[in-house]
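Keep in mind the model is a prediction, meaning the values are calculated, not measured. Residues take their numbers from the sequence shown, with the count starting at 1.
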Amino acid sequence: MAEEQSTAAGTHVPVEHQEATALGLNAGGWVAIAMLVVFAVMIWKKVPAAITRALDGRIAAIRSQLDEATALRKEAEALRAEYEKKAKAADQEAAAMIERRTRMAEDKIAAEERAAIDGLRSAAATAATRAAETLIVEHHGPDADAKLVSQTIAELPSR
């Protein structure tokens with residue numbers, strides 16, 4: 001933008017500023033040259049190659065970490081499968097143990113029932129024997145016994 005300068009007559013004359021230059025280049029030209037110099041020095045010192053090597057190293061490290069993570073995941077999955085298998089086996093073993101204990105209890109109950117039945121039979125036989133003995137003693141004397149023996153002998157087939 002042009003500035004105005006007053007003259008002695010009171011008129012205003014526009015004044016133009018000239019842009020500063022050095023060796024015929026303005027500030028934008030010098031910035032462009034500086035950038036070219038920086039890029040040239042970077043290429044000359046092989047900075048892009050160094051950056052590429054650093055990035056390649058970082059990529060290799062990341063790949064290594066990913067491979068390690070994959071191996072750890074596989075190991076974790078194998079452990080999980082092993083523990084699931086062990087848990088299933090433990091559940092089956094617990095069920096089998098419960099079944100064995102149930103069977104043992106049922107066998108013990110059945111044996112106790114048989115023993116109780118045998119005891120009742122024995123007690124009933126003993127009671128019947130005593131009752132028969134008491135009846136025989138009360139109702140049969142030596143005469144009745146002699147009569148029964150004679151009758152039994154008479155019923156035997158003769159040879």
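- Residue Leu156 qualifies as enclosed at atom CG: its count of foreign heavy atoms under 6.0 Å is above 12.
- Separating the CD atom in Glu75 from the CZ atom in Arg80 is a distance of 14.0 Å, to the nearest 0.5 Å.
- Both Phe39 and Val47 are members of a single hydrophobic cluster when ILVMFWY side chains are connected at heavy-atom separations under 4.5 Å.
- The distance from the CG atom of Asp56 to the CZ atom of Arg63 is 9.0 Å, given to the nearest 0.5 Å.
- Leu25 and Trp30 get closest at one heavy-atom pair: O-NE1, 3.3 Å.
- Taken from CD in Gln65 to CD in Glu68, the straight-line distance is 7.5 Å, to the nearest 0.5 Å.
- Within the 4.5 Å cutoff, side-chain heavy atoms of Leu79 are placed close to those of Glu82.
- Hydrophobic clustering places Val41 together with Ile33 (ILVMFWY residues linked when any side-chain heavy atoms are closer than 4.5 Å, directly or through intermediates).
- Residues Glu155 and Gln151 are in side-chain contact: their nearest non-hydrogen atoms beyond the backbone lie under 4.5 Å apart.
- Between the Thr52 side chain and the Pro48 main chain, a donor and an acceptor come within less than 3.5 Å of each other.
- Both Met35 and Met42 belong to a single network of hydrophobic side chains, linked directly or stepwise wherever heavy atoms of I, L, V, M, F, W or Y lie under 4.5 Å apart.
- Expressed to the nearest 0.5 Å, how far NZ of Lys46 lies from CZ of Arg53 amounts to 8.5 Å.
- The distance from the CE atom of Met104 to the CD atom of Glu106 is 12.0 Å, given to the nearest 0.5 Å.
- The number of heavy atoms from other shown groups lying within 6.0 Å of CD (Glu84) is above 12.
- Under the 3.5 Å distance criterion, the side-chain polar atoms of Thr152 are matched with a main-chain donor or acceptor of Leu148.
- Taking CG of Asp107 as the start and OG1 of Thr102 as the end, the distance is 10.5 Å to the nearest 0.5 Å.
- A salt bridge links Glu77 and Arg73; the closest N-O separation between the charged side-chain nitrogens and carboxylate oxygens is under 4.0 Å.
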